[in-house]
Amino acid sequence: MNKNIPKIIIGNLKMNGSLAFFDSYLSALKDGLNNENKVNVGLCLPYPYLSQAQSILSGSKIGWGSQNIAKFENGPHTGEVSAKMLNDFGVQYVIVGHSERSTAYCESDENIAEKFNNVKKHNMTPVLCVGENLIEREAGIMEQVVAAQIEIIIKSFGTKIFENSIVAYEPIWAIGTDMAASPEQTNHMCSFIRKIINQDGLNEINNLKIVYGGSLNSKNAVQLFGLNSVDGGLIGRASLNINEFIKICELAQSFET
Ligand code: PEP
């Protein structure tokens, strides 16, 4: 059922940019997306540029966020950034469990669950990344893999924790590869994710958004945003080019969820 809710587009800038880059990027984004735009947009930047995002984007409809968070409140955790620190910079979105982190830094599903809970506790919106790798897809076990990633959160904190949250279906084989999932694969997995969080419709979760991420760009966006099961996109590489990112946001405006 279409509820007339605008799509949401989150940019993941990863470890890119500089003061000069973000100065022009953020201003261009603010100018390029006027306040009448019927799409929600968030931008997840490296930590050092959150203050810059806060000063340039405040007062606009564009939200900003981080790509990680500590699971701890404070204390002897060298190199970590706490939820309260993110609150200080007006952060709205926090990416949790991105595969580039879980693979390179061996982040466990338990850790990811605690981070997800920490984001919610401090009134920010988690963008939880889930998805299977190529071996798992070829073995046909993508549902089991994704279900396990979500169920660990449900087991620890209950399904209601998914209210006001975003889950990004990001098949690892599609990230940065120019090989986006097909509309059929995306529809299947996004519907599956909604079904397990809603427990087959028994437990309707308010304001849960399921988005797709993985080589999404202005060429494949329409096909993917046209799916009822897809509430928007998480955009990596294509968000680095401001004109491309604005184009994707504009394409998303023609669709509702
Ligand atoms: C990502 O890493 O979150 C992502 C979606 O990357 P890309 O768009 O580059 O595949």
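Order of appearance sets the numbers: ligands from 1, and atoms from 1 within every ligand.
In the vicinity of Gly214, heavy-atom distances shorter than 4.0 Å reach the ligand 1 atoms 5 (C), 10 (O). Interface of His98 with ligand 1, defined as ligand atoms under 4.0 Å from a residue heavy atom, comprises 1 (C), 2 (O), 3 (O). Ligand-side atoms of ligand 1 in range of Ile175: 2 (O), 6 (O), 10 (O), range being under 4.0 angstrom from any heavy atom. Every atom of ligand 1 is numbered from 1 in the order shown, and the set under 4.0 Å from a heavy atom of Gly236 is 4 (C), 5 (C), 6 (O), 7 (P), 8 (O), 9 (O). For ligand 1 and Leu234, the ligand atoms under 4.0 Å from any heavy atom of the residue are 3 (O), 5 (C). Every atom of ligand 1 is numbered from 1 in the order shown, and the set under 4.0 Å from a heavy atom of Arg237 is 7 (P), 8 (O), 9 (O). For ligand 1, the atoms closer than 4.0 angstrom to any heavy atom of Gly176 are 7 (P), 9 (O), 10 (O).
Checked against the 6.0 Å centroid threshold, Tyr49 and Phe89 do not count as a close aromatic pair.
Of all the heavy atoms of Asn12, the ones lying under 4.0 Å from any atom of ligand 1 belong exclusively to the side chain.
Within 6.0 Å of NZ in Lys14 there are more than 12 heavy atoms belonging to other residues, nucleotides or ligands. The number of heavy-atom neighbours closer than 6.0 Å to NZ of Lys160, taken from other residues, nucleotides and ligands shown, is above 12.
Aromatic ring orientation, His77 versus Phe72: parallel (interplanar angle below 30°, classes split at 30° and 60°).
At a threshold of 4.5 Å between non-hydrogen side-chain atoms, the residues Ile150 and Ile197 count as touching. Counting heavy atoms from C-beta on, the side chains of Phe22 and Pro46 come closer than 4.5 Å. No side-chain heavy atom of Met124 sits less than 4.5 Å from a side-chain heavy atom of Tyr93.
Of the polar atoms of Lys14, at least one N or O is found under 3.5 Å from an N or O of ligand 1, judged by distance alone.
At least one heavy atom of Ser215 lies less than 4.0 angstrom from ligand 1.
The closest side-chain donor-acceptor pair between Lys115 and Asn117, if any, does not fall under 3.5 angstrom.
In this structure, atom 5 (C) of ligand 1 lies nearest to the protein heavy atom Glu170 OE2, 2.9 Å.
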